[in-house]
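Working notes for the structure below.
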Amino acid sequence: MAANDWQQEQERLRRVRNKLQARIAELEPEVAGLRDQATDIRRRFWEEVTINTSTQEDFEETFYTINQQSAVLAERERGHKLLTQQWKSLNRLLPSPYFGRIDFHEDGLDLSEPIYIGVSSFIDEDGLSFLIYDWRTPIASLYYDCSPGLASYVTPAGRIEGTMEFKRQFQIQDGQIRNMFDASETIGDEILQQVLGKGADSQMKSIVATIQKEQNAIIRDDKSQMLIVQGAAGSGKTSVALQRVAYLLYKHRQTIHADQIVLFSPNPMFSSYISTVLPELGEENMQQTTFQEYLDYWLGSSLKPEDPFDQIEYVLTAQGTPGYDARLQGIEYKASDAFLQALQNYGLWLGREGMRFNPIRFRDRDLITAERMKAKFYGYDPSLPLFNRIALLQEWLLKELASLERLEREAPWVQEEMNYLDTEQYEEIFGKLHKEKELLDLAEHYAVVREKLNNKLRGDEGDFDFAQREEDLLRRRIVKESFTPLRKSVKKFSFVDVKGIYGQLFVNEAAYREKTDESVLPPLWAEICRQTKEALRRNELFYEDATPYLYVKELIEGVRTNTEIRYVFVDEGQDYSSFQYEYLKKLFPRARMTVLGDLGQAIFTQATSLDAADSPLVRLFGESETSLVRLLRSYRSTQEIVEFTISMLPDGGEIAPFERRGHKPLLTRLHGREKRAAQIRADIEALRAEGFNSIAVITKTAAESREAYESLRIQGDEALQLITKETLGFEKRVMVVPVYLAKGVEFDAVLVYDASSEAYGRDNERKLLYTACTRAMHRLHLYTTGDWSPFVQALPANLYENAPH
């Protein structure tokens, strides 16, 4: 780089930073002033309002005064929020205002314009000149997509053609240019090399300065209803998804807000890992959840669903136990399109027969029997959908309860309840009666009072029995409170025996075929039925049953939908079943969907293909509304680690490593667990001494994680963190984690605790070992106390090093 170029860029940077500092100083008193105003209005809110409801006019005046004060407060708070966001944005820019520059000569214009690109825009004092362009602006796409030469970009008004004359990358820290590269003279990977060469952190960082062309296409896709991203491990899938969220919030800022976007994460810990990316870019975090959290919420306390991590623990550890093969067949079948079709047919069958109801019981007797409900249900128009007939039945039940409640007031138990009321309870109920004006708002009571008074005026002997009237109202109150849980249960559809309805699918093979018209069943169907019914008897659901159970529940009660959500993101999408995707589409009918995954990391039995024309994801929205993007370049790991890991996969040759050199993976064979623990301890200390702070000991299962944790602690290492499915965040310690909880996360160094044939010998364990190894950025160590896994043995010897004995 010529010295005068460097000097000119540094001078421009100085001027921009001066303007940023001036604008920050200008905004600070405005931000503080609006904050103080809002605080003052909140504090004095009721001092400014006189509550007077004596007349209709007084009530209206009070109403309008409160509204006016609320509007003033809302305006102050809105203004404070906007200014605060602007102030924070400028402060984010100050240490490193921009990371790229392009000079673009638009066709038909005389001059080219230098475009400096940063994480947000900054306009000069004239209000017209952009000193910095936000990376999400249309013109900034030139930086990511084009090289010097003919170029174009798309705006809402159409495509702009021209010539990119110049492209430059910057590394700026604390207001100083540390590095500067012209893409016209180099391959443009220098800054990416330096970024990737840094250590991993406990939270993911933004990648806007190093977005690649193929990633930019995903970020800015605004047409696809279904966007499928099939990406190799370390290709930046999750980072791209978060930048895509930021882009959508920027482009559609007038119509879409962060709470209208939801991300389904693989586990709660992952949500913590990515929580800082969007705030770094000046955007609020979208909603984040896991599919398991959704299941837990809607199944409530009635049934306890197994989570996917317990399911995979069973799959990985229960080989050879009774019923194991049947359970695997059940997992696969219940995740299939065939089972979905079977349940749809089952819903039609239920419309004709087979509905099951729970009687409404009160004080050890049936108020309304299941038989009466069934007769009433099948008495409705059979052309109506199930959920419409259930709604009619619910309405009838509430009316029946109202009638039964009136009759119940004369029951002997009510008198007994009254006799046992102590003074405090009596006063409480009596107070409620007067507070709610039940004594005075009954027309019947007014009529009685008037009649009694008139009789007295006429000299009649009839007396007004106030005590009797009070007793009647106490009876009403006691019975009403006793019937309240019944009404609530009816409103929650508790009268429908959903568990029984789902369970009767699994009586036997003949019954299942009759109810579903299913022709092909797993060979071990009888054992699958037994296992499913046994779990239901314990009020539990296998993970593979949870979504189908909710599907049946909603066939009966009506589909729950959320029409506010406009975009759904699914990370680690290969781990969801086609059944679950159908469910998500029904749940969010107005949402576009972005699914990110890697078939190489499909470690769950119910994995879904993402990279095929017949993928169930393509069928969700149709081929014309679906886009499939493949990311084949791996950026996370060094070239040596990528070459090692992709050789484990039969089709790994398509994955291209980014050219960042490092150490070859190190294989260490030891005799005995104690020696392995001692060696891992020594290797951890050596890695720390080299400056690696993010280190993970990755195991196959949670049970093995606990074993490794205790073994390493015995060796004296107190700086360990055992990661379990309940862990919500990372700490700056060495982590011991099962491989399925490490998905989506990266570490400076990974130590695979046991890479033996015993741990990873079966073909369905190949992807587990691959997933574990691909978490490493800079260093990868594998250990065994026996024979190496066949997936390691099959690797060419030049891809790794053996530790000296």
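These numbers come from a predicted model, not from an experiment. The first residue in the sequence is number 1, and the count goes up from there.
- There is a side-chain donor-acceptor pair under 3.5 Å between H778 and R660.
- Defined by atom type and a distance below 3.5 Å, a donor-acceptor pair is missing between the side-chain atoms of T317 and E313.
- Between R676 and E707 a salt bridge is recorded (basic side-chain N to carboxylate O distance below 4.0 Å).
- Here E765 pairs with R762 in a salt bridge; the nearest charged N to carboxylate O distance falls below 4.0 Å.
- The ring of Y740 has its center closer than 6.0 angstrom to the ring center of F309.
- Looking at R327 and E306, a side-chain N of the basic residue comes within less than 4.0 Å of a carboxylate O on the acidic one, giving a salt bridge.
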>> As a quick check of understanding, evaluate salt bridge (charged side-chain N to carboxylate O under 4.0 Å, His left out) for K725 and D307, giving each step before the final call.
In response: CA-CA 10 Å; K725 63 183 182 179; D307 64 45; 2.6 Å; yes
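- Between F264 and F291, the ring planes lie tilted relative to each other; the angle falls in the 30° to 60° range.
- For the pair R244 and Y247, the cation-pi test (distance below 6.0 Å, angle within 45°) is failed.
- One finds a salt bridge joining R688 and E685 here, because a Lys/Arg side-chain nitrogen approaches an Asp/Glu carboxylate oxygen to under 4.0 Å.
- The cationic group of R766 does not satisfy the cation-pi geometry with Y760, failing either the under 6.0 Å distance to the six-membered ring centre or the 45° limit from the ring axis.
- Geometrically, K700 does not engage Y753 in a cation-pi contact defined by less than 6.0 Å to the ring centre and at most 45° from the axis.
- When the options D575, D571, T774 are evaluated for a side-chain hydrogen bond (donor to acceptor under 3.5 Å, both in side chains) with K743, the one that passes is D575.
- Between the side chains of E544 and Q311, a donor-acceptor pair is found at a separation under 3.5 Å.
- Side-chain contact, D296 with Q292: a donor N or O sits under 3.5 Å from an acceptor N or O.
- Salt-bridge formation is not detected for the pair R630/E214: no Lys NZ or Arg NE/NH1/NH2 atom is positioned less than 4.0 Å from an Asp or Glu carboxylate oxygen.
- At least one cation-pi condition fails for R779 and F692: the charged atom is not both under 6.0 angstrom from the six-membered ring centre and inside a 45 degree cone around its axis.
- Checked against the 6.0 Å centroid threshold, Y576 and Y583 do not count as a close aromatic pair.
- Y770 and F791 have their aromatic ring centers separated by at least 6.0 angstrom.
- R636 has a carboxylate O that lies under 4.0 Å from a charged side-chain N of E746, or vice versa, which qualifies the two as a salt bridge.
- Stacking of R633 on the aromatic ring of F658 is not recorded, the 6.0 Å distance cut-off and the 45° axial limit not both being met.
- A salt bridge is absent between E280 and R92: the closest approach of a Lys/Arg side-chain nitrogen to an acidic carboxylate oxygen does not fall below 4.0 angstrom.
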